[in-house]
Amino acid sequence: GGCGACTVMVSNYDVDRSQPVHYTVNACLCPLYVMDGKHVVTVEGLGTAETPHPVQQRIALLHGSQCGFCTPGFVMSLYTLLRNTPEPSEMEIEECFDGNLCRCTGYRPILDAAKTFSRQAWKQGAVVGADGLAQVSKSGKGCGKADCCQLGGGSESESTAESTLASGESLGADASDQSSKTVSDVGCCKGSTESKGCIESKGCCKGTGAKGCCKGTEAKSCAGSGPALEKAEAMAQFRAYDATQEPIFPPFLMRYARGTTVDGEPRRQALALVNGRSGAQCERFFRPLTLEQLLAIVGEHPQAKLVAGNSEVGVEARFKHSAFAVQVYVGDIPELRVVERQADGVSFGANITLAQFARELAQLSSELGTEKAQNLEACLEALRYFAGNQIRNVATVAGNIATASPISDLNPVLLASGAELTLAAAGGQRRTVKMADFFLGYRRTALQAGEVLERVFVPHSRAGEVVRAYKQAKRKDDDIAIVTCAMRVVVDPASGRVHDAAFAFGGMAPTTVLAAQVADAARDGGYAWDEPAARAAAVAACGAELRLGYAVPGGMAEYRTALACSFVARFWAESCAALGLARGADAAHAGEHSEARELSRGQQAYDAVAERVVVGKGVAHLSALRQATGEARYVDDMPAVGGELHMALVPSAHAHARITAIDASAALALAGVERVLTAADVPGENVWNIFRDEELLPTREVHYHGQPVALVVARTARLAQRAARLVRVAYDALPAVLTVRDAAARQAWFGEERVLRNGDVDAALAASDVVLAGESYCGAQEHFYLEPMCAVAVPRGEAGELDL
């Protein structure tokens with residue numbers, strides 16, 4: 001669920017609102033059985049390379065695809081946004097991609113293509129200025145340069161990215177004539193239709209610095225004119241986007257959701273499925289439609305695993321190979337998504353999705369005002385950087401609480417705010433548990449057998465109360481926390497002292513914890529809250545209470561403690577500023593910074609080579625449209641051939657070790673496993689790579705962690721992977737060189753040097769006025785692998801040849 005490459009659009013009919021709802025999900029985490037009653041659209045369903053959807057065409061023409069692995073995900077995220085918001089803002093476009101990652105293309109061309117759908121200045125000749133922001137002429141024309149003659153040297157340009165166009169305006173009223181338009185048609189060279197326009201000249205608009213167009217003079221070209229003009233020419237080919245022409249939601253699914261299907265049509269009902277396959281990760285599956293049905297199932301199967309967004313269970317099943325014999329999908333129970341306003345707070349149905357939770361929080365915060373909505377606003381702040389859209393659309397509040405992750409983003413806020421949980425069981429049994437009493441240990445909670453989390457109550461804040469949530473991760477968006485926390489103080493306006501406080505932290509213990517000593521220091525330290533001594537006491541208490549041992553799981557012990565302390569100091573300053581306490585407010589302003597992310601900006605500059613057709617030109621690559629439409633064939637898309645077998649690797653568990661034995665008996669005992677291959681099975685020379693210094697499969701020693709030791713061949717990929725985990729390899733560990741510094745100290749040099757030289761380096765250094773000497777060291781990096789490695793080999797049946 002981290003990369004978004006498999007994003008699809010799911011639609012379901014909202015009976016209460018009498019309209020379909022469209023949202024994105026990660027297909028890799030979405031079980032097929034939860035799609036009952038829903039409509040699924042994939043990238044292949046939008047268009048083809050011959051007749052692409054405007055989203056697909058624009059991403060392809062504006063170079064938004066290279067390897068193509070992530071492209072379908074970007075296409076579907078943008079398409080879903082347009083189905084919900086046909087004329088989005090530029091910020092909405094950027095935010096719709098917060099669950100999509102790209103490794104090779106870069107985000108600028110993807111955003112360039114996506115923002116042509118914006119209601120702001122990207123339609124009919126929109127241009128990008130030197131500051132990276134969009135501008136648009138009043139005439140709706142432009143060649144792609146910020147100072148294009150059509151903009152009158154900038155005198156006619158409207159405001160920057162916040163400008164909007166007239167409602168209903170679009171790039172080209174008729175898609176049928178788009179392919180024949182030239183740059184001149186969209187406003188280049190003052191709209192001139194003479195033969196020597198910018199595209200045919202050596203220069204471009206205003207290349208001489210004059211008001212007109214240089215039109216082939218010997219004057220210097222405008223900086224960056226190549227990409228600007230080529231972008232304008234690509235935009236002239238765009239197919240018009242008309243939101244009214246999108247496919248309608250299937251009428252049958254409307255009747256299915258309402259329960260009004262006619263004779264011969266299936267009716268929506270609770271599901272109970274049994275998997276007869278031995279060794280299945282899920283043997284029985286239930287999909288209840290009411291809370292009563294859910295409680296009955298859990299009462300009968302107290303160890304059942306409840307599934308909503310599947311972001312936890314799916315990962316455990318796929319990567320930890322966990323098996324959950326009984327699974328219950330709880331995403332189709334309306335009672336668990338109801339929001340109720342009460343006099344002293346708000347009660348949320350526990351199974352509300354994080355996306356819906358955020359919408360409700362925003363509306364409630366606006367209506368209640370800051371004084372009452374501090375806890376709600378802190379929850380909303382925690383959700384800003386919580387996973388990506390595809391996860392938030394399906395993951396739920398109950399799932400986040402019940403999994404009891406020690407680095408949860410949401411649990412510290414609920415803990416600090418004094419939230420309460422309602423737990424329900426069959427027979428109408430209910431009990432209330434405070435969040436402070438819910439977490440019993442690592443991944444252990446107060447939920448008893450047969451109970452489910454029904455509601456979450458978040459109290460209103462009061463006068464003099466300030467609540468804030470903070471998170472530090474390795475990247476700002478879509479990442480798990482290193483440390484996450486929420487802090488709350490209630491300050492007496494008369495004395496300026498704290499009379500109630502809570503400091504909750506994630507990432508500092510096996511569970512989300514309340515730091516009691518920090519609260520005591522804030523409340524009972526004897527200082528007014530805005531005194532620097534109060535800050536010092538709270539920070540010192542935090543450093544003492546949350547001191548981590550060197551061997552703590554997750555590492556970074558000193559850093560995490562320092563983070564926690566810095567968050568306390570930041571909260572002191574921000575809370576003083578919020579309450580208007582002078583001494584602390586000054587400190588807050590001194591370190592003030594905006595959390596709001598600005599629109600991204602980017603430019604591309606290169607010199608176009610006029611006399612060449614392809615080289616030096618910004619030409620969309622041949623596979624771009626096929627990648628954007630899902631027609632590009634990768635290995636997994638190829639149909640299986642007769643007798644096809646699948647192979648999985650048995651990786652080394654050591655960085656350096658001697659192999660003493662390989663036992664494949666358990667793997668070979670599985671039906672469908674054909675062979676387990678080791679070094680003894682390699683025909684010919686057991687060496688490879690350009691240096692010829694590494695064995696294909698090791699005979700005696702392994703030299704790096706994860707080195708393939710054996711290969712398992714089976715009839716299915718899943719069976720091969722399962723069998724590979726059953727192969728037992730015995731090792732005698734040997735000393736390992738794990739860092740470059742270790743290698744240098746041991747003089748463990750490569751035997752062959754390959755050096756690229758340009759000039760005499762020693763002579764150049766000797767002649768230099770200043771020589772800086774030192775060492776730059778980079779430790780190990782955590783890789784995020786996006787595209788999986790895969791290959792297929794088909795014997796041709798002639799002289800041992802293979803098609804690869």
Side-chain angles (χ1 to χ4, degrees), residues 291 294-295 298 302-309 311-313 328 330 336-337 339-340 342 344-354 357 361 375-376 378-379 382-383 386 395-426 429-461 467 469 471 480-481 483-488 500-519 545-546:
L291 178 60
L294 171 63
L295 296 177
V298 174
Q303 302 305 315
K305 194 73 171 179
L306 304 189
V307 179
S311 56
E312 181 85 8
V313 175
V328 184
V330 295
L336 294 180
R337 298 193 298 270
V339 178
E340 296 178 351
Q342 299 177 9
D344 54 347
V346 183
S347 178
F348 297 91
N351 209 48
I352 187 174
T353 67
L354 298 180
F357 189 41
L361 290 170
N375 292 323
L376 303 177
C379 287
L383 291 176
F386 191 122
T396 66
V397 173
N400 197 251
I401 296 172
T403 53
S405 169
I407 52 173
S408 163
D409 291 2
L410 195 54
N411 287 340
V413 189
L414 297 174
L415 193 57
S417 66
E420 296 180 349
L421 309 177
T422 300
L423 311 182
Q429 302 179 62
R430 281 174 176 76
R431 64 189 181 104
T432 300
V433 176
K434 295 181 181 296
M435 277 290 293
D437 301 323
F438 187 69
F439 302 113
L440 306 180
Y442 179 70
R443 300 283 184 170
R444 293 191 300 111
T445 70
L447 275 170
Q448 297 177 359
E451 284 186 329
V452 300
L453 181 51
E454 181 183 10
R455 305 199 65 77
V456 180
F457 175 78
V458 180
H460 288 154
S461 53
V467 186
K471 172 183 177 179
I480 59 174
V483 172
T484 180
C485 60
M487 306 177 190
R488 177 178 62 87
D500 190 18
F503 294 78
F505 291 88
M508 302 301 296
T511 68
T512 304
V513 293
L514 281 171
Q517 294 177 30
V518 182
E545 184 174 5
L546 299 180

To the nearest 0.5 Å, how far apart are [atom1] in [X] and [atom2] in [Y]?
X: Arg488; Y: Leu415; atom1: CZ; atom2: CG; answer: 10.0 Å
X: Glu454; Y: Ser347; atom1: CD; atom2: OG; answer: 8.0 Å
X: Leu410; Y: Thr512; atom1: CG; atom2: OG1; answer: 9.5 Å
X: Leu291; Y: Asn351; atom1: CG; atom2: CG; answer: 10.5 Å
X: Ile401; Y: Phe439; atom1: CD1; atom2: CZ; answer: 6.5 Å
X: Asn411; Y: Thr511; atom1: CG; atom2: OG1; answer: 9.5 Å

Indicate the atoms forming the closest heavy-atom contact of Leu514 with Ala436, along with that distance.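 That would be CD1-CB, 4.0 Å.
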
Side-chain contact test, heavy atoms from C-beta onward, threshold under 4.5 Å: evaluate it for Leu354 versus Phe386 and give yes or no.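 Yes, side chains in contact.
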
Pairwise side-chain contact, Arg443 with Ser405, heavy-atom cut-off 4.5 Å (strictly under):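 In contact.
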
Show your reasoning for whether side chain to side chain donor-acceptor pair (under 3.5 Å) applies to Asn400 and Ser408. CA-CA 7 Å; Asn400 197 251; Ser408 163; 2.8 Å; yes

Partner of Arg455 under side chain to side chain contact (heavy atoms under 4.5 Å, CB included), chosen from Ile352, Leu336, Val339, Thr422: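 Exactly one option meets the side chain to side chain contact (heavy atoms under 4.5 Å, CB included) with Arg455, and it is Thr422.
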
In terms of side-chain geometry, is the basic nitrogen of Arg430 or Glu451 positioned less than 4.0 Å from the acidic oxygen of its partner?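 So Arg430 does not pair with Glu451 through a salt bridge.
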
Please determine whether side chain to side chain contact (heavy atoms under 4.5 Å, CB included) holds for the pair Lys471 and Val483, giving the CA-CA distance in whole Å, both sets of side-chain angles, and the decisive distance to 0.1 Å. CA-CA 6 Å; Lys471 172 183 177 179; Val483 172; over 6 Å; no

Assess the residue pair Glu312 and Lys305 against the criterion (salt bridge (Lys or Arg N to Asp or Glu O under 4.0 Å)); give the C-alpha distance rounded to whole Å, side-chain angles, the decisive distance to 0.1 Å, and a yes or no. CA-CA 11 Å; Glu312 181 85 8; Lys305 194 73 171 179; over 6 Å; no

Going through the checks in order, is the side chain to side chain contact (heavy atoms under 4.5 Å, CB included) test met by Phe438 and Leu421? CA-CA 8 Å; Phe438 187 69; Leu421 309 177; 3.6 Å; yes

More than 12 non-hydrogen atoms from neighbouring residues, nucleotides or ligands closer than 6.0 Å to CD on Gln342, yes or no?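 Enclosed.
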
Before you tell me yes or no, could you show the steps for Phe503 and Gln517 under side chain to side chain contact (heavy atoms under 4.5 Å, CB included), namely the whole-Å CA-CA distance, both residues' side-chain angles and the distance that decides it to 0.1 Å? CA-CA 9 Å; Phe503 294 78; Gln517 294 177 30; over 6 Å; no

Could you go through Glu340 and Phe348, starting from their C-alpha distance and side-chain angles, then the distance that decides it, and tell me whether this counts as side chain to side chain contact (heavy atoms under 4.5 Å, CB included)? CA-CA 6 Å; Glu340 296 178 351; Phe348 297 91; over 6 Å; no

